[in-house]
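Just below is one structure, and these are the notes that go with it.
The sequence lines fix the lettering, A, B, ..., with proteins before strands; numbering per chain opens at 1. Nothing here was measured: the structure is a model prediction, and the numbers come from that model.
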Protein chains: 2
Amino acid sequence: MISIPVLTLKRLPQYLELLYGFEHEGQDTISATRLAELTGVHMTQVRKDIALTGVVGIPKVGHKVRDLIESIESCLNWKDHSSAFLVGVGRLGSSLLGYSEFKRKGLNIVAGFDTDPSVAGSLVDGVIVHPMDKFANLCRRMKVHIGILTVPADQAQATAELMVESGILAIWNFTPTLLQLDEGIIVEDVDMSASLAVLSRRLSEKYEQDSQQDNKSKNKKNTIDQEKQ
Amino acid sequence: MISIPVLTLKRLPQYLELLYGFEHEGQDTISATRLAELTGVHMTQVRKDIALTGVVGIPKVGHKVRDLIESIESCLNWKDHSSAFLVGVGRLGSSLLGYSEFKRKGLNIVAGFDTDPSVAGSLVDGVIVHPMDKFANLCRRMKVHIGILTVPADQAQATAELMVESGILAIWNFTPTLLQLDEGIIVEDVDMSASLAVLSRRLSEKYEQDSQQDNKSKNKKNTIDQEKQ
DNA sequence: AGTATTTCGATATTTTTATAGCGATTAAGG
DNA sequence: CCTTAATCGCTATAAAAATATCGAAATACT
Ligand SMILES: NC(=O)c1ccc[n+]([C@@H]2O[C@H](COP(=O)([O-])OP(=O)(O)OC[C@H]3O[C@@H](n4cnc5c(N)ncnc54)[C@H](O)[C@@H]3O)[C@@H](O)[C@H]2O)c1
Ligand SMILES: NC(=O)c1ccc[n+]([C@@H]2O[C@H](COP(=O)([O-])OP(=O)(O)OC[C@H]3O[C@@H](n4cnc5c(N)ncnc54)[C@H](O)[C@@H]3O)[C@@H](O)[C@H]2O)c1
């Protein structure tokens, strides 16, 4: 199995989102050119990304929407469902538990876990929440290999270690903590700070750019004014 | 103002997270080498990233933790706070409203908005939620330029357009919808699907790799067995 | 004081990723 | 049936990012 570049993997769901739309509208073919227009990704990049999923297109027509969906989904392993446990059923954790979209993306959150006795034992959006001490046992028994980490930042490292000891192979980490784990363990961070950093900086850059243009046009105006004098 | 590469911007908060820890522990200097070890980023890359923030280090010693924090924070514009409006106070939206960490990162969510009359008018984690029809007015009056988008996917495009008309310059988009907006508008996606895609694929790759190794060791065992015979 | 050692930071190289160019392919229209 | 036009997908080039190299600077130790 070839290793697909991260950036390609991150673009594939974007294409999928559009493809679902097309299928819904009854459109049955789509060209890479059009996908490029809609995503802002370069035409040739779209072709490369699509090629990596192993599907072939039809010249002059493009790709069959259904084929492309199948190909991307199976490439991302979104067709057969994987079970996952979520640890830390707080604000963020419970909003994830109730988010049905993940099921369509191959992720089945089968249970939540929390140390807080007032949360443990309850149902959150139809998903059962267990006390934390049941984690290791259930994890091994149910052969769950994906852990979703939404505990407070200062609990993240310890909780992650517990997960790994219990047989978790991949951690979807929503905390800002940089986990230090065994090499083999897959850690995927959903780093909102990183995203916020890009937003903040780009906005600053934009402000400055705009104010410079303002100054320019002001200066220009001054020049014109001066010329008038 | 130089344009800092996206990937650098995304790493900066990681360094910051560690730096806050060091400061807390009373450590007052840190080397790029050590940061590299902890983040898994290459030593020279860390140096480049740091250099882009404009701070200079001391040979043999490294960097003053405080200076580095200041430098990164001001580079990301996390020192003076920007006001933001959040639209769509549902599961995800309300969890974001209550998340105090954003304040420390220069983002002040000053109000939420929702079309649902049972949500609008209430306080969520101390933040007031207005009915949606007040958005344009308040946005202009309070000169808010950042919008956080957490409405259902099918409402995302329309809501984003409303935001832009009301003076929003940057949208932090938590929906899976690919927004089609004016060139100048900054859109930063928090794409959980993208992250999930990487996790899923990497896990598949790992499974296959492991099972191949299993086969190998089985074959090896067989070979040994055969040799024994 | 002098030397060894560590780290910075500038420059060079390599690798990865993105873009461009172009022939091959195929459906559609005359 | 043949031309036309659009698209695929391969190969080549360009750009960006990551990694390596190395001299200079500064601390700590002899
Ligand atoms: N709320 C957000 O919008 C948001 C955004 C980005 C990142 N995060 C991160 O997500 C994590 C959770 O944030 P939150 O706002 O949901 O916090 P929260 O306090 O609302 O929820 C944390 C939950 O984890 C439980 N918990 C605490 N220690 C535990 C342990 N050792 N084992 C199992 N469960 C434990 C608590 O009982 C609580 O229910 C934090 O690391 C936060 O930084 C949150
Ligand atoms: N819940 C999650 O964990 C999660 C994870 C990833 C992405 N998302 C995305 O975030 C968005 C919100 O998800 P959610 O689970 O919080 O949904 P939700 O249904 O719980 O909340 C949506 C909120 O938006 C409000 N709303 C609907 N239309 C609106 C409009 N036109 N203007 C203003 N408000 C409007 C609704 O009243 C509701 O309160 C979705 O696009 C979803 O795909 C959610």
In this structure, CD of B:Gln155 is separated from CG of B:Leu149 (nearest 0.5 Å) by 10.0 Å
Check the distance between [N]'s [atom2] and [X]'s [atom1] and give it to me in whole angstrom.
X       : N      : atom1 : atom2 : result
A:Lys60 : D:dA6  : NZ    : C1'   : 4 Å
A:Glu37 : D:dT7  : CD    : P     : 9 Å
B:Lys10 : D:dA16 : NZ    : P     : 18 Å
A:Met43 : D:dC10 : CE    : C1'   : 15 Å
A:His63 : D:dA6  : NE2   : C1'   : 13 Å
A:Leu7  : C:dT19 : CG    : C1'   : 15 Å
B:Asp49 : D:dA17 : CG    : P     : 11 Å
B:Leu35 : C:dC8  : CG    : C1'   : 13 Å

_Using a strict threshold of under 4.0 Å (side-chain N to carboxylate O), is an ion pair present between B:Glu70 and B:Lys79?_
yes
Fill in: Heavy-atom side-chain proximity of B:Val87 to B:Thr150 below 4.5 angstrom
no
Can you find a pair of side-chain heavy atoms, one from A:Leu9 and one from A:Leu7, that are under 4.5 Å apart?
no
Taking everything shown except A:Lys64 itself, do over 12 heavy atoms lie less than 6.0 Å from its NZ?
no
Of A:Lys48 and A:Gly62, the one whose closest nucleotide on DNA chain D sits nearer the 5' end is A:Gly62
Ring-ring centroid check A:Trp172 A:Phe102, cutoff 6.0 Å: yes
- Give one of base, sugar-phosphate or nothing for B:Arg11, where a contact means two heavy atoms less than 4.0 Å apart. sugar-phosphate
Applying a 4.0 Å non-hydrogen cut-off, can you work out what B:Thr44 is touching in the nucleic acid: base, sugar-phosphate, or nothing?
base
Residue set satisfying side-chain hydrogen bond (donor to acceptor under 3.5 Å, both in side chains) with A:Thr44, at least two apart, ordered chain then number -> A:His42
Contact check, residues 51-59 of chain A vs DNA chain D, heavy-atom distance under 4.0 Å, returns A:Val56, A:Gly57, A:Ile58, A:Pro59
Here DNA chain C, pairs taken as Watson-Crick or G-U under 3.5 Å and shown with ( ), [ ] when crossing and | when to another strand, reads ||||||||||||||||||||||||||||||
The nucleotide from C:dC8, C:dT17, C:dA12 with an atom nearest the side chain of A:Pro5 is C:dT17
Would B:Arg104 pass as a cation-pi partner of B:Tyr20, given that its NZ or CZ must be under 6.0 Å from the six-membered ring centre and within 45 degrees of the axis?
yes
Task: Short side-chain N/O contact to D:dC8 OP1/OP2 from A:Thr33, under 4.0 Å - done: yes
query = Between B:Arg47 and C:dC8, is there a side-chain N or O to OP1/OP2 distance below 4.0 Å?
reply = yes
Candidate pair B:Arg202 and A:Glu188, rule salt bridge (Lys or Arg N to Asp or Glu O under 4.0 Å), full reasoning
CA-CA 10 Å; B:Arg202 293 288 176 250; A:Glu188 179 61 30; over 6 Å; no
